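As structure tokens, the structure follows; a few thoughts come after it.
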Amino acid sequence: MRATTAPDGIGAIAAAYRPLLARLDAILCGARRAACGVSSQPAALVPAKANGRPKLTGALDRASTAAQILPLEYAEGKPLPQVGWGGASAADIGRLSAFHALEFRLLARPRYVASANFAGLAPIVPEGLTGEARVTTISGHDTNVANLGGLLDVHWQVPGLAADDPSPGGALVLERLRAADGALFVRVRYRSQSLSQIRSAAPLTAGSPPSASILPIEGCEAREIKGLFPLDQFLKRIEAR
């Protein structure tokens with residue numbers, strides 16, 4: 001956990017995000033500046049306890065919450081004057097979602113935390129990849145998506161959002177592939193509509209499909225194909241604690 005904030009700690013991270021914090025304050029406060037906004041609140045990272053997960057407090061925590069609400073307002077199709085009180089553009093929403101992604105980078109993606117948090121769902125993965133069912137669906141929270149992303153060390157970016165921010169309705173898709181010689185492999189995709197596609201609610205077509213990019217996994221180029229992972233090795237990575 002501490003390694004995710006090295007070398008200068010959470011204060012240095014907050015300092016690096018100061019321009020975005022200032023932009024968020026402008027959206028939240030408008031012309032009113034005194035005692036308004038989130039940037040003046042000291043940021044801290046509270047370690048996990050026996051009965052609780054690690055968490056952020058202060059500016060970065062509040063910014064992550066706001067950065068999650070703004071895309072939801074936009075995706076619901078609200079008129080722009082009602083999104084962030086009329087102060088947030090689509091570009092703002094994409095940039096500010098970096099706070100939500102940051103929270104996951106610090107609290108959900110580190111392997112130790114990801115492994116512990118995903119432990120309840122982890123057994124379903126090998127069942128789905130080795131059983132007879134053609135499709136197995138795990139319906140969970142964006143935190144579960146971030147946990148699995150951390151376990152596999154994969155990264156994605158949905159149009160309209162920051163890198164590694166799980167999108168509304170997005171999913172990590174694990175595909176089992178069989179070669180002509182019978183060998184089994186796994187390929188990972190992140191599948192999601194773009195934020196603008198969600199907002200418009202337009203039908204998805206061959207000409208306007210959701211994004212479904214193949215995600216490379218470090219050290220994973222079976223048969224010299226990027227993103228292809230032997231099934232047995234993939235299962236060991238998921239099952240490792």
Side-chain angles (χ1 to χ4, degrees), residues 67-80 83 88-101 104-105 108-109 118 121 124-125 127-180 184-218 220-231 234 238:
Q68 187 175 17
I69 292 171
L70 291 173
L72 294 178
E73 290 182 339
Y74 185 81
E76 283 181 0
K78 290 180 179 293
L80 282 178
V83 178
S89 66
D92 285 326
I93 290 168
R95 288 192 294 266
L96 291 170
S97 73
F99 287 115
H100 199 219
F104 286 129
R105 176 169 72 84
R109 291 184 61 98
F118 200 72
L121 297 175
I124 304 175
V125 175
E127 291 175 9
L129 291 173
T130 61
E132 296 300 320
R134 293 182 64 85
V135 177
T136 299
T137 301
I138 303 175
S139 181
H141 198 268
D142 50 4
T143 302
N144 303 128
V145 174
N147 292 154
L148 183 55
L151 284 176
L152 299 176
D153 193 20
V154 293
H155 302 274
W156 60 85
Q157 184 161 14
V158 173
L161 295 172
D164 290 343
D165 189 9
S167 64
L172 279 169
V173 179
L174 311 180
E175 300 175 328
R176 185 183 69 183
L177 307 175
R178 186 186 300 273
L184 296 174
F185 300 90
V186 174
R187 184 170 62 186
V188 182
R189 294 179 183 269
Y190 191 85
R191 187 179 190 280
S192 175
Q193 295 172 271
S194 68
L195 201 60
S196 62
Q197 285 175 323
I198 299 173
R199 177 176 172 81
S200 68
L204 299 176
T205 66
S208 181
S211 62
S213 54
I214 297 173
L215 308 183
I217 302 175
E218 185 177 355
C220 169
E221 291 189 9
R223 303 193 176 187
E224 300 183 353
I225 299 176
K226 191 173 184 179
L228 202 63
F229 210 137
L231 175 61
F234 183 88
I238 289 292

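Predicted model, so just to flag it, every value in this text is computed and none were measured.
Minimum heavy-atom separation, D165 to S97: OD2-CB, 3.2 Å. Looking at every heavy atom in both residues, R109 comes nearest to V154 through NH2-O, 2.7 Å. Taking every heavy atom of both residues into account, S194 and V158 meet most closely at CA-CG1, 4.0 Å. Between I93 and P71, the shortest heavy-atom distance links the atoms CG2-CG, 3.6 Å. L231 and R176 get closest at one heavy-atom pair: CD2-CD, 4.5 Å. Residues L195 and G160 come closest through the heavy atom pair CD2-O, 3.8 Å.
The number of heavy-atom neighbours closer than 6.0 Å to CZ of R191, taken from other residues, nucleotides and ligands shown, is 12 or below.
With sequence neighbours excluded, the residues satisfying side-chain hydrogen bond (donor to acceptor under 3.5 Å, both in side chains) with D164 are H155. In this view, R95 and D92 satisfy the salt bridge (Lys or Arg N to Asp or Glu O under 4.0 Å) rule, not counting sequence neighbours. Scanning for side chain to side chain contact (heavy atoms under 4.5 Å, CB included) contacts around S200 gives A202, with sequence neighbours left out. Not counting sequence neighbours, the partners of S192 by the side-chain hydrogen bond (donor to acceptor under 3.5 Å, both in side chains) test are S167. For E175, the side chain to side chain contact (heavy atoms under 4.5 Å, CB included) partners are V173, L177, R187, R189, not counting sequence neighbours.
Side-chain contact check for N144 versus I138: every heavy-atom pair is 4.5 Å or farther apart. Within the 4.5 Å cutoff, side-chain heavy atoms of I238 are placed close to those of L148. Residues L129 and F234 form a side-chain contact, since some pair of their non-hydrogen atoms from C-beta on lies under 4.5 Å apart.
Listed by first then second residue, pairs satisfying ring-ring contact (aromatic ring centres under 6.0 Å, His included) with a partner in residues 188-217 read W156-Y190, not counting sequence neighbours.
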Original post:
Given the rule in the side chain to side chain contact (heavy atoms under 4.5 Å, CB included) test, do I198 and Y74 qualify, once you have shown the distances and angles that lead to the verdict?
Top reply: CA-CA 9 Å; I198 299 173; Y74 185 81; over 6 Å; no
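For S211 (side chain) and S213 (main-chain N/O), no donor-acceptor pair under 3.5 Å exists by modelled atom type. With hydrogens and angles disregarded, no donor-acceptor distance shorter than 3.5 Å links the side chain of Q197 to the backbone of A201.
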